[in-house]
Amino acid sequence: MMENIRVPSRSSASEFRATAEAGANIALTKYWGNADPDLRIPANDSISITLDRVRTVTTVTFRPDLPEDQVTVDGKPLRGPAWERVSRHLDLLRDRAGVSWRARVVSRNNFPAGAGIAASASGFAALTLAAAAALGLELSPRDLSLLARRGSGSAARSIFGGFVLLHTGARDEDAFAEPLHSPDWWDVRDLIAVVSQAEKAVPSSEGHHLAPTSALHQARVARVAELNRQLLQALAHRDFAALGQAAEEDALLMHAVMMTSRPSLLYWLPETLAVMHRVQAWRREGIEAYFTIDAGPNVHVLTLPPYADHLQVSLRALPGVQNVIPCRPGPEARITPNSAE
Ligand code: DP6
């Protein structure tokens with residue numbers, strides 16, 4: 001279990017600086033729709049696996065001489081709403097610390113920006129931890145998770161490693177993530193089949209607002225409570241069929257909500273469907289594989305070690321699959337000495 005972060009070695013009296021790294025995560029049950037959009041309190045609990053291979057490293061440096069926050073992601077300066085989102089998040093942390101200095105933020109993803117893997121979870125988890133450490137805030141992992149959630153809902157889960165539950169709640173302080181099992185509890189594999197590298201037309205943040213416009217949203221929220229109970233059992237007993245069935249069902253439920261929103265969100269491409277059909281066909285052939293899909297066209301194929309190498313090769317051979325990124329459960333967010341600059 002992660003300990004409270006310690007007051008860091010502030011680099012000097014004229015600059016507060018720290019670097020953190022965090023993994024992206026794949027939700028088995030999804031966060032889709034908010035109970036409170038301003039506070040980013042999710043409509044339902046969600047369960048995820050933090051991933052080892054898709055990570056973000058972020059260095060935050062607060063300085064008295066900066067006129068405004070400067071944010072660079074993968075070498076490109078952020079502007080407009082994306083910059084504002086980061087700056088507002090830093091304000092939350094500055095308010096806590098009673099510090100007004102602006103910051104330089106340098107963030108690097110070890111996966112291509114256009115790979116269709118959401119960088120907001122790993123990005124806001126690493127940003128929250130690095131900024132908190134730089135400011136000398138001594139926060140519990142729960143508080144870090146709460147704060148990360150304000151930046152991006154799924155980032156609350158990336159504070160922890162392994163298998164993670166994000167609670168919804170009536171109040172800000174009730175909606176935090178907690179670790180269920182460590183990464184070495186169960187070697188579940190996530191083979192990310194990349195079928196498109198295009199930036200998605202409608203980002204998750206906008207999609208969450210549309211969820212209540214679907215007639216299916218409330219039905220999904222009710223069903224996810226049952227799926228979460230099944231998942232908790234599946235994880236405790238390492239029952240892969242139960243895990244896969246619950247994950248696949250909620251991915252389909254979430255996309256049904258998306259498709260029936262006003263306006264409709266249709267993230268699937270023909271290649272997405274081809275992979276989905278293939279995964280279900282493999283299952284009929286006795287291969288333990290299930291799919292889940294986030295707010296985009298790429299397909300996460302969940303499987304177990306005996307099938308992973310073979311499936312990776314087979315997925316790569318499917319028409320339309322550009323790349324496969326094989327992931328395992330990965331560690332919690334942590335402070336690192338390796339600067340992103
Ligand atoms: C489909 O956490 O990306 O990946 O809070 O606006 O950043 P923001 O949304 P985000 O939403 C996640 C959507 C999802 C499902 C999930 O990861 O739970």
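Counting convention: from 1, in listed order, for ligands and their atoms alike. Atom set for the values below is all heavy atoms of this structure, side chains included, hydrogens, waters and symmetry mates excluded.
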Subject >> W185 six-ring centre to R238 NZ/CZ under 6.0 Å and within 45° of normal >> reply: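 Satisfied, under 6.0 Å and within 45°.
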Going by an N to O cut-off under 4.0 Å, is there a salt bridge joining [X] and [Y]?
X: E249; Y: R223; result: yes
X: D250; Y: R220; result: yes
X: R104; Y: D69; result: no
X: E332; Y: R157; result: no

Original post:
Looking only at non-hydrogen atoms, which of R157, R85, K30 approaches atom 17 (O) of ligand 1 most closely?
Top reply: R157
Subject >> Nearest option to atom 4 (O) of ligand 1, as decided by whichever heavy atom of D294, I26, T292, I293 sits closest >> reply: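 The residue whose heavy atom sits nearest atom 4 (O) of ligand 1 is D294.
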Subject >> CZ/R283: more than 12 non-hydrogen atoms of other groups inside 6.0 Å >> reply: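 Atom CZ in R283 is crowded, with more than 12 foreign heavy atoms closer than 6.0 Å.
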**OP:** Classify the contact between M258 and ligand 1 as side chain, backbone, both or neither, using a heavy-atom distance cut-off of under 4.0 Å.
**Re:** neither
Original post:
What part of A27 sits under 4.0 Å from ligand 1 if we count only heavy atoms: the side chain, the backbone, both or neither?
Top reply: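 Side chain only; the backbone of A27 stays clear of ligand 1.
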Original post:
Just one of T56, T50, T128, N25 clears the side-chain hydrogen bond (donor to acceptor under 3.5 Å, both in side chains) bar with S158, so which one?
Top reply: N25
So is [X] in contact with ligand 1, going by heavy-atom distances below 4.0 Å?
X: S120; result: yes
X: M254; result: yes
X: A121; result: no

Subject >> Polar contact flag, side-chain donor to acceptor under 3.5 angstrom, D74-N109 >> reply: yes
Original post:
Do S122 and R55 have side-chain atoms, one donor and one acceptor, less than 3.5 Å apart?
Top reply: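 Note: S122 and R55 side chains miss the donor-acceptor criterion.
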Regarding ligand 1, does [X] bring an N or O atom to under 3.5 Å of one of the ligand's N or O atoms?
X: S152; answer: yes
X: T29; answer: no
X: H208; answer: yes
X: G153; answer: yes

**OP:** Compare all side-chain heavy atoms of P270 with those of T272 and state whether any distance is below 4.5 angstrom.
**Re:**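 No, side chains not in contact.
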Subject >> Taking atom 1 (C) of ligand 1 as the reference point, the nearest protein heavy atom with its distance >> reply: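 For atom 1 (C) of ligand 1, the nearest protein heavy atom is A295 N, 3.6 Å.
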Subject >> Residue and atom name of the nearest protein heavy atom (relative to atom 13 (C) of ligand 1), distance in Å to one decimal >> reply: Y31 O, 3.5 Å
**OP:** Show which atoms of ligand 1 fall inside a sub-4.0 Å distance from at least one heavy-atom site of S205.
**Re:** 6 (O), 7 (O), 8 (P)
**OP:** Mark up the atoms of ligand 1 that fall under 4.0 Å of a heavy atom belonging to S154, in ascending order.
**Re:** 2 (O), 3 (O), 10 (P), 17 (O)
